[in-house]
Amino acid sequence: MTQENFELYRGPYNADESEKKILAYWLAHDFYKPEYNKVTKKADTVEEMRQYLAENPDKKFTIIDPPPNAYDRPHIGNISGYAYQDLLGRFWRMNDKRVLLFPGKDHAGIQGEVVVLNDLFKPQGKNKNNITREEFYEQTYQYFTEMMARAQKDEQRIGLSADYARDTFTLDPKIVHNVLQTFIDLYDTGKVYKGVRIVNWCPSCQTALADIDTQKKERESAMYYIKYPIKGESDKFITIATTRPETMLGDTAVVVHPNDERYTEFHGKTAILPLMDREIPIILDPIIERETGTGALKLTPAHATEDYEIMIRWNQANPDKKVENISVIHKDAKIVGPAGKYVGVTVGEAREAVIADLKALGLLEKEEKTLQRVPVCERCKSIIQPIMSSQWFIKTDEMKKDGLDAVENGHVSIHPKYMTKKYLHWMKNLRDWPISRSLWWGYRFPIWYKGEVEETIDENGQITEQINGIEISDFADAVAKDLAKVSFESPGTEWKQDENVFDTWFSSGQWPYVTLQKEEIDDIFYPTNVMETGYDILEFWVSRMIMLGKFRTGKYPFTDVYLHGLVKAGDGQKMSKSKKNTVSLDELVTNYGADGLRLLYIVGNKAGASYRLDEEKLKGYRNFLNKLWNASKFSMMNLPSDVAEWTDNFAFTEDDKAMLEKLNALIPQVAEKIQKFRFGIVSLDLYDSFWHDFCDVYLEAIKQRLYTKDREGNPINTSDEAVASRKAAQWTLWKALDTYLRLLHPYIPFITEYIWQSFPKKSGESETIMYATWPTAVTVK
RNA sequence: GGGCAGUUAGCUCAGUUGGUCAGAGCUAUCGGUUUACAUCCGAUCGGUCAUAGGUUCGAAUCCUAUACUGCCCACCA
């Protein structure tokens, strides 16, 4: 690569063109690899790197880049993360560390599946009913592979100096195997179990949905007030209010607030469930709002999420007076179980019949019109039925201890600090983690059944599971009866694999070590140093990485967590396609340069704080790049090519000394603040110092000393004194610009590299500024 | 309802161990420059740092309360 390619052309700085040239230069070398050896100026072998880092364990710096959704180009928010990750990487690289930024792409579970069903399969007239699971997986994998290549280009364009040769997809076979191994380890150590739990069930898609996969829809509905007689007191009733009267068939209790005087007389008594004539206890829970409805809640634990929670709470506090749950709605949204004459009809039909029968009995006190917000399936808009279903869980009681220990005892620091409270609050309230999802796109459970698995509801409303027609009490029972196995491979042709896939967070929660293990460099780079991500996934992702990392490797996966704020649209609103306030990455990079955009992400911003995509600021940063460009051109017009080699005692003036002193103060300040994750704040000082101290003050002050000709072209400054003064100014100018370029490189890598290419350098100096060393103070005499 | 933040010049925001911290950029007004600068430079205007108490020799900075704003979680029987 010759210098002609990087000449300081006339006119304003053209960021787009210049950055593309620099990117091509970087990518043509091994600069992004931690194997790069700045002494030999080529990449070591992995073994040489291993050796070197074994002898110099403090010389490594690792960030695992959060993998964005592979099916799309990274959005403005993902890109902002890269700016911070890359800043840290470049800073430490200049500070003599072997830096590994590890890129990846996520398969994105349910979101990914929805996208391919709409964008890939629907246009072909295909859906999950007319293709096989294998076809689906194969085509989707192919589609994702193509999309990932595109996403990688965007990462490169923003300047992320990641080791792209190691770019890894979450469904890479090696990763899959390793993630499944973790599940098997969890199973072997008794930390995973299959249990019955309430889930959001979509009767149309025939799948369980995570809360996040549901939407709320408003609809006209009626509130029914139903009188439940009190046992042994024929003239007394307790009235409940409900919008879903059909669920009363599964009622197992009535709940009131313990301090509600209206119901004190019923404490400990029993109500008679109308229509079913079932005796149900009246229990207490302070979560009940006395003003809502009648202040008395009918409890249907099998078909209402909150009721289920109340039941769990009550049963834990009252083990001797446990409340049952009774299922009366099946996966097809029809009535089943101990529901008498209503069995077999749909939920809607059951509602009408129940109301009619209550009226006939005189137990319907009144009904009122009301607006109800019902959960619907995000995909097909069907109304969700909460039902009991068998799901896989991870026991979190022990992992939770690790999760707390990591942060409470300072093994992992969270920036900003106040987010620690969010984390601990979430961790303390953590319950067992349901990890199965009824999807096709993801890691299928390494669980095999000998025959079909069926879930049925018996005459008592209890879920029972059968394999090949044989009833089993739980998974361990199935294993004991040789009806189920945990294994990577199929145990035989008659065995069928569990239909579920893992929750995406189960796999991405293992990302720091599975990536490094795939490359067989985990012994070198694990644990990593920093996890840099958005604060919105602190609980979802960071916490899981900490717990699973400790479980699987015995070590916490990183020491610092930096949480960036979210980028909002120019109007201060959250960016979303539906609001039409998104801006394309291409547009921003073309107009302001990747460097300009990086400055927007970083300058003046702090951890956890959101900020807006402000065009005015971007223009300001573009001007800054142009200022740097012009100041550099001016400097080089006035610098002899051998200035870097000068070592004389210079005749410094007060201006020179002031400039060098300013830099001496700035250098450690920038380094210190970056190490404390305060790089956004200190960049203001750097920005200001360059523009003001260097351009406005120093450059203007030395112009008269630099000139060798006047306006008419006559020689000036020819005396010995003037020559010595010019020399001091030239050297100071060179030293100052050299220092600013280095200090600025982690923030604006492209333009600093571009200038560096033509900048006078000492012999033996790094060809790329990426491996130039962080500046040190100059002694001024 | 629970949790976490924010409230500083017209606008967007800095100000982390309480003592040159009352700031930056943009905007506005005025002046200058064009042998680096789609310009750039200099100057000016502008805030009782949400409100009320408290701690302190001293508080934008710590504590309490109040009022707004935003985000996350739960829920609406």
Side-chain angles (χ1 to χ4, degrees), chain A residues 8 10-14 211 216 223-226 240-245 247-248 251 254-255 286-289 291-300 304-307 309-310 370-375 415-426 428-429 535-540 565-566 568 570 572-574 603-617 619-638 673 676-678 680-685 687-688 691-692 695-697 699-700 703-704 706-713:
Chain A
L8 299 189
R10 298 178 69 86
Y13 179 60
N14 183 329
D211 291 344
K216 298 286 191 211
M223 179 77 78
Y224 300 94
Y225 291 80
I226 305 170
I240 59 87
T242 181
T243 53
R244 295 167 62 207
T247 63
M248 70 181 285
D251 281 3
V254 172
V255 197
I287 200 172
I288 299 297
E289 288 173 25
E291 297 74 30
T292 310
T294 61
L297 169 72
K298 62 187 268 313
L299 196 78
T300 322
T305 313
E306 197 198 12
D307 294 6
E309 305 291 341
I310 291 173
T370 181
L371 261 185
Q372 189 192 12
R373 297 183 68 204
V374 292
H415 314 271
K417 210 173 178 181
Y418 65 78
M419 294 280 183
T420 304
K421 290 183 202 163
K422 265 182 73 178
Y423 172 92
L424 292 175
H425 181 259
W426 185 85
K428 280 173 187 157
N429 292 302
Y535 70 77
D536 52 332
I537 52 176
L538 170 66
E539 293 96 332
F540 284 130
L566 308 183
K568 292 181 181 169
Q573 301 281 312
K574 211 173 193 172
V603 176
N605 295 325
K606 52 184 174 179
S610 298
Y611 51 95
R612 55 184 72 188
L613 205 146
D614 186 336
E615 293 270 336
E616 290 305 316
K617 276 193 177 173
K619 283 179 190 162
Y621 296 137
R622 182 175 58 189
N623 287 349
F624 179 76
L625 299 179
N626 202 43
K627 188 81 179 171
L628 174 59
W629 177 250
N630 280 297
S632 301
K633 273 199 292 188
F634 172 78
S635 300
M636 282 191 244
M637 280 163 50
N638 288 287
K673 292 285 169 63
K676 288 184 173 170
F677 300 96
R678 308 268 302 158
I681 301 305
V682 78
S683 64
L684 277 172
D685 297 328
Y687 177 99
D688 188 61
W691 199 309
H692 186 257
C695 296
D696 296 345
V697 177
L699 278 187
E700 294 303 327
K703 274 183 177 173
Q704 293 311 317
L706 291 176
Y707 292 148
T708 54
K709 288 175 185 168
D710 67 13
R711 282 164 198 268
E712 282 73 44

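Each chain gets a letter, A, B and so on, in the order its sequence line appears, and its residues count up from 1.
Pairing for B:A77 is absent, with no Watson-Crick or G-U wobble pair whose two atom distances lie under 3.5 Å. The partner of B:A60, taking Watson-Crick or G-U wobble pairs whose two distances both stay under 3.5 Å, does not exist in any strand shown. B:C71 is paired with B:G3 under the Watson-Crick or G-U wobble criterion, all donor-acceptor distances under 3.5 Å. Across all strands shown, B:U33 forms no Watson-Crick or G-U wobble pair with both distances under 3.5 Å. The nucleotide B:A50 finds its pairing partner in B:U66, both defining distances of the Watson-Crick or G-U wobble pair being shorter than 3.5 Å.
Between A:K421 and B:A5, a side-chain N or O to OP1/OP2 separation shorter than 4.0 Å is present. Phosphate proximity of B:C71 to A:K568: absent, as no side-chain N or O sits under 4.0 Å from OP1 or OP2.
Of the candidate nucleotides B:A77, B:A5, B:G2, B:G2 has the atom nearest to the side chain of A:H425. In this structure, the nucleotide among B:C4, B:G15, B:A77 sitting nearest to the side chain of A:I681 is B:G15. The side chain of A:R612 sits closest to B:C13 out of B:C75, B:G70, B:C13. You'll find that the side chain of A:W691 is closest to B:C41, out of B:C41, B:A77, B:A36. Closest to the side chain of A:P12, out of B:A77, B:A38, B:A36, is B:A38. When each of B:C75, B:U12, B:A36 is scored by its nearest atom to the side-chain atoms of A:K633, the top-ranked nucleotide is B:A36. Of all nucleotides listed (B:C75, B:U35, B:C26), B:C26 comes nearest to the side chain of A:E616. Distance from the side chain of A:N626 is smallest for B:C37 among the nucleotides B:C37, B:C71, B:C75.
Atom name P, nucleotides B:G18 and B:A24: the rounded distance is 24 Å, in whole Å. Rounded to the nearest Å, the gap between the P atom of B:C26 and that of B:A67 is 39 Å. B:A22 sits 15 Å from B:U48 when the P atoms are compared, rounded to a whole Å. The gap from the C1' atom of B:G46 to that of B:U8 amounts to 13 Å, rounded to the nearest Å. Across the C1' atoms, B:C40 and B:U33 are found 8 Å apart, a figure rounded to whole Å.
Separating the NZ atom of A:K703 from the P atom of B:C41 is a distance of 11 Å, rounded to the nearest angstrom.
Closest non-hydrogen pair, A:I240 versus A:T294, comes out as CA-OG1, 3.6 Å.
The residue A:N623 sits close only to the backbone: its heavy atoms come under 4.0 Å of sugar-phosphate atoms, none of a base. Nucleic acid contact class of A:E700 (heavy atoms, under 4.0 Å, all strands): base. Within the nucleic acid shown, A:L684 comes within 4.0 Å of sugar-phosphate atoms alone, with no base atom in reach, counting heavy atoms only. A:H692 comes within contact range of the sugar-phosphate backbone alone, with a heavy-atom separation under 4.0 Å but no base atom that close. In this structure, A:R244 reaches neither bases nor backbone, as no heavy-atom distance under 4.0 Å exists between it and the strands shown. Residue contacts shown for A:Y13 include a base, since a base heavy atom lies under 4.0 Å away. As judged by a 4.0 angstrom heavy-atom cut-off over every strand, A:S632 is placed among residues making no nucleic acid contact.
In this structure, A:Y611 does not count as stacked on the base of B:C13 under the 5.5 Å centre distance and 30° plane angle limits.
Under the 3.5 Å distance criterion, the side-chain polar atoms of A:W629 are left unmatched by any main-chain donor or acceptor of A:L8.
Ring geometry for A:Y687 against A:Y621 counts as perpendicular: the plane angle is over 60°, on a 0 to 90° scale with 30° as the lower cut.
Where A:E539 and A:I310 each meet RNA chain B at their nearest nucleotide, the meeting point lying more 5' is that of A:E539.
The base of B:C37 lies close enough to the side chain of A:K627 for a donor and an acceptor atom to sit less than 3.5 Å apart.
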